[in-house]
Enquirer: 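Got a structure for you, questions after.
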Amino acid sequence: MTTVRLPLFPLNSVLFPGLVLPLNIFEERYRAMMRELLKSGEDEPRRFAVVAIRDGREVAPTAPGLPDPTSVPERGPAAGFGADPIQAFHRVGCVAEAATIREREDGSFEVLATGTTRVRLLSVDSSGPFLTAELEELPEDAGDGAGVLAEGVLRAFRNYQKRLAGARERSLTGAELPDEPSVVSYLVAAAAVLDIPAKQRLLQAPDTATRLAEELKLLRTETAVIRHLPSLPAVDLTRSPTSPN
């Protein structure tokens, strides 16, 4: 079992291998993480792990609020994630490699990273200025019939895109679609308008073929739903909150 210890960045979204992750970082715990990553040499990968939040807040409260206006805001690396942070996170995530980390004058950071490898969360350490985690790297096995399934998923995805006409920000043209099964599976998982639990199930699928088979079912279901919602602007189906981190 290959394990690695990396900084941990929880988000209200799921990151897939090969997908780009832009971040606007302003919380001190994540600023500290980026400052630490910048200490590495330019030729060294600046890696951190991204996990989707199961139960908790992406941004910790910074002021008293309801129901108790006298409550003290949480501080520290695990703020918003409870006494045992690992319980707040989905156990399968993705390693992100930062291509650029740009510090602004106010001390916040603009980061552009890319998902690389799936990992399983084994433990979380909150003793430092930011969360770190011990992670097990997960192999990407093809499974049975991945090639044929990828062809079916691409056809279903093109049909799905047609139903989402006008949602240009999530659209992938035919020329841009890959043919390698694992790449297809991750791109479709990221581009489809699905909730976090559905995306998380796709991320943690045991192999590419299983992921593609699940995507085929989801795409057919979602396309049928969209077909019966002609009054809903397609662009509304792809609108999601912008992550503040």
Enquirer: Could you grab the distance from atom CZ of R201 to atom OG1 of T210, nearest 0.5 Å is fine?
Expert: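 Here the interatomic distance stands at 13.5 Å.
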
Enquirer: I need the L154 CG to R158 CZ distance, nearest 0.5 Å.
Expert: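 Reported to 0.5 Å precision, the distance equals 5.0 Å.
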
Enquirer: For K162 and T223: C-alpha separation, side-chain torsions, deciding distance, then whether side-chain contact (heavy atoms from CB on, under 4.5 Å) applies.
Expert: CA-CA 9 Å; K162 291 176 184 178; T223 301; over 6 Å; no

Enquirer: Can any side-chain N or O of E180 pair as donor or acceptor with the backbone N or O of V183 at less than 3.5 Å?
Expert: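 Yes, the answer is positive, given that a donor and an acceptor are paired below the 3.5 Å cut-off.
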
Enquirer: Among the clusters formed by ILVMFWY side chains lying less than 4.5 Å apart, do L38 and F130 turn up in the same one?
Expert: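 Cluster IDs for L38 and F130 match.
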
Enquirer: Mind checking salt bridge (charged side-chain N to carboxylate O under 4.0 Å, His left out) for E36 and listing every partner two or more places apart, or none if nothing turns up?
Expert: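 Salt bridge (charged side-chain N to carboxylate O under 4.0 Å, His left out) list for E36, sorted by chain: K39.
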
Enquirer: Just to verify, what does R35 make a side chain to side chain contact (heavy atoms under 4.5 Å, CB included) with, not counting sequence neighbours?
Expert: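 Listed in chain order: E28, R31, A32, F109.
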
Enquirer: Indicate the atoms forming the closest heavy-atom contact of F89 with L131, along with that distance.
Expert: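 Shortest heavy-atom separation between F89 and L131 comes out as CZ-CD1, 4.0 Å.
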
Enquirer: Can you measure from CG (L194) to CG (L218) and round to the nearest 0.5 angstrom?
Expert: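 Between atom CG of L194 and atom CG of L218 there are 5.5 Å.
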
Enquirer: Are the side chains of V51 and H90 in touch, meaning some heavy atoms are under 4.5 Å apart?
Expert: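 No, side chains not in contact.
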
Enquirer: Considering only distance and modelled atom types, tabulate donor-acceptor pairs under 3.5 Å from the side chains of residues 92-102, sequence neighbours left out.
Expert:
from: R102; atom 1: NH2; to: E110; atom 2: OE1; distance (Å): 2.6

Enquirer: Can M34 and I25 be said to form a side-chain contact (heavy atoms from CB on, under 4.5 Å), step by step?
Expert: CA-CA 9 Å; M34 294 305 134; I25 294 175; 3.6 Å; yes

Enquirer: Apply side-chain contact (heavy atoms from CB on, under 4.5 Å) to residues I53 and F81 and explain how you reach the verdict.
Expert: CA-CA 9 Å; I53 298 169; F81 302 129; 3.8 Å; yes

Enquirer: Let me confirm one number: the CZ-CG distance from R46 to L6, rounded to the nearest 0.5 Å.
Expert: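 The distance works out to 14.5 Å.
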
Enquirer: Taking side chain as C-beta onward, heavy atoms only, is R104 less than 4.5 Å from N24?
Expert: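 Yes; the side chains approach each other to less than 4.5 Å.
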
Enquirer: Partners of R118 by salt bridge (charged side-chain N to carboxylate O under 4.0 Å, His left out), sequence neighbours excluded?
Expert: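 For R118 the salt bridge (charged side-chain N to carboxylate O under 4.0 Å, His left out) partners, ignoring immediate neighbours, are E140.
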
Enquirer: If you round to the nearest 0.5 Å, how far is CG of L138 from OG1 of T2?
Expert: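 Between atom OG1 of T2 and atom CG of L138 there are 10.5 Å.
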
Enquirer: Looking at side-chain heavy atoms only, is the closest gap between R155 and N159 below 4.5 Å?
Expert: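 R155 does not reach N159 side chain to side chain.
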
Enquirer: Using a 4.5 Å cut-off on heavy atoms from C-beta on, say whether the side chain of D84 contacts that of V124.
Expert: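 They are not in contact (no side-chain heavy atoms under 4.5 Å apart), so the answer is no.
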
Enquirer: Looking only at non-hydrogen atoms, find the nearest pair between L219 and V153 and report the distance.
Expert: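 Scanning both residues, the minimum pair turns out to be CD1-O, 3.8 Å.
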
Enquirer: The criterion is ring pair (Phe, Tyr, Trp, His ring centres under 6.0 Å); which residues satisfy it with Y186, sequence neighbours excluded?
Expert: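 By the ring pair (Phe, Tyr, Trp, His ring centres under 6.0 Å) rule, Y186 matches no residue at all.
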
Enquirer: Got a sec, which residues hit ring pair (Phe, Tyr, Trp, His ring centres under 6.0 Å) with F48, two or more places apart in sequence or on another chain?
Expert: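 With neighbours one apart ignored, the set is F9.
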
Enquirer: Please check if the side chain of K199 supplies one atom and the backbone of F16 the other of a donor-acceptor pair under 3.5 Å.
Expert: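 No, the answer is negative, given that no donor and acceptor are paired below the 3.5 Å cut-off.
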
Enquirer: What do the steps show when you test L21 against T114 for side-chain contact (heavy atoms from CB on, under 4.5 Å), and what is the final call?
Expert: CA-CA 6 Å; L21 175 68; T114 303; over 6 Å; no

Enquirer: I'd like to check the salt bridge (charged side-chain N to carboxylate O under 4.0 Å, His left out) partners of R120; sequence neighbours left out, ordered by chain and number.
Expert: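 Counting only residues at least two positions away or on another chain, R120 forms a salt bridge (charged side-chain N to carboxylate O under 4.0 Å, His left out) with E136.
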
Enquirer: Who passes side chain to side chain donor-acceptor pair (under 3.5 Å) against D106, sequence neighbours left out?
Expert: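 For D106 the side chain to side chain donor-acceptor pair (under 3.5 Å) partners, ignoring immediate neighbours, are S108.
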
Enquirer: Quick one: pull up CG in L212 and CG in L202 and give me the separation to the nearest 0.5 Å.
Expert: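 The CG atom of L202 is 9.5 Å from CG of L212, to the nearest 0.5 Å.
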
Enquirer: Can you get from L11 to V20 by hopping between Ile, Leu, Val, Met, Phe, Trp and Tyr side chains that sit under 4.5 Å apart?
Expert: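 No; tracing contacts between hydrophobic side chains, which count when under 4.5 Å, never links both residues.
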
Enquirer: Please name all residues satisfying side chain to side chain donor-acceptor pair (under 3.5 Å) with E214, sequence neighbours left out, ordered by chain then number.
Expert: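 Result, side chain to side chain donor-acceptor pair (under 3.5 Å) vs E214: none returned.
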
Enquirer: Given side chains that start at C-beta, do those of R47 and V4 come closer than 4.5 Å, heavy atoms only?
Expert: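 The answer is yes; the side chains approach within 4.5 Å.
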
Enquirer: Sub-3.5 Å donor-acceptor pair from the side chain of D207 to the main-chain atoms of A209, do we have one?
Expert: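 Answer holds: yes.
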
Enquirer: Identify the two heavy atoms, one from L8 and one from M33, that lie closest to each other, and give their separation to 0.1 Å.
Expert: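 Shortest heavy-atom separation between L8 and M33 comes out as O-CE, 3.2 Å.
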
Enquirer: Any idea which heavy atoms bring P77 and S126 closest together, and the distance?
Expert: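 Minimum heavy-atom separation between P77 and S126: CG-O, 3.3 Å.
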
Enquirer: Indicate yes or no: at least one non-hydrogen side-chain atom of L135 is less than 4.5 angstrom from one of L121.
Expert: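 Touching, per the 4.5 Å side-chain cut-off.
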
Enquirer: Apart from V148 itself, what residues make up its hydrophobic cluster, given side-chain heavy atom links below 4.5 Å?
Expert: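 Its cluster mates, by chain and number: none.
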
Enquirer: Between the main-chain N or O of K217 and the side-chain N or O of T221, is there a donor-acceptor pair closer than 3.5 Å?
Expert: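 At least one qualifying donor-acceptor pair exists.
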
Enquirer: Are L112 and V50 joined in one hydrophobic group, where the rule is that I, L, V, M, F, W and Y side chains link up if heavy atoms are under 4.5 Å apart?
Expert: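 Different clusters.
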
Enquirer: Return the set of residues passing salt bridge (charged side-chain N to carboxylate O under 4.0 Å, His left out) with R91 (not counting sequence neighbours), or none when no residue passes.
Expert: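 Result, salt bridge (charged side-chain N to carboxylate O under 4.0 Å, His left out) vs R91: none returned.
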
Enquirer: With D125, which residues qualify under side chain to side chain contact (heavy atoms under 4.5 Å, CB included), at least two apart?
Expert: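 Testing D125 for side chain to side chain contact (heavy atoms under 4.5 Å, CB included), a comparison that skips the adjacent residues, returns R5, S127, T132.
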
Enquirer: For a quick test of reading the model, state the closest non-hydrogen atom pair linking A52 to S13 and the distance between them.
Expert: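 So the two residues come closest at CB-O, 3.5 Å.
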
Enquirer: Which atom pair, heavy atoms only, marks the closest approach of E222 to V193?
Expert: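 Looking at all heavy atoms of both residues, the closest pair is OE1-O, 4.0 Å.
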
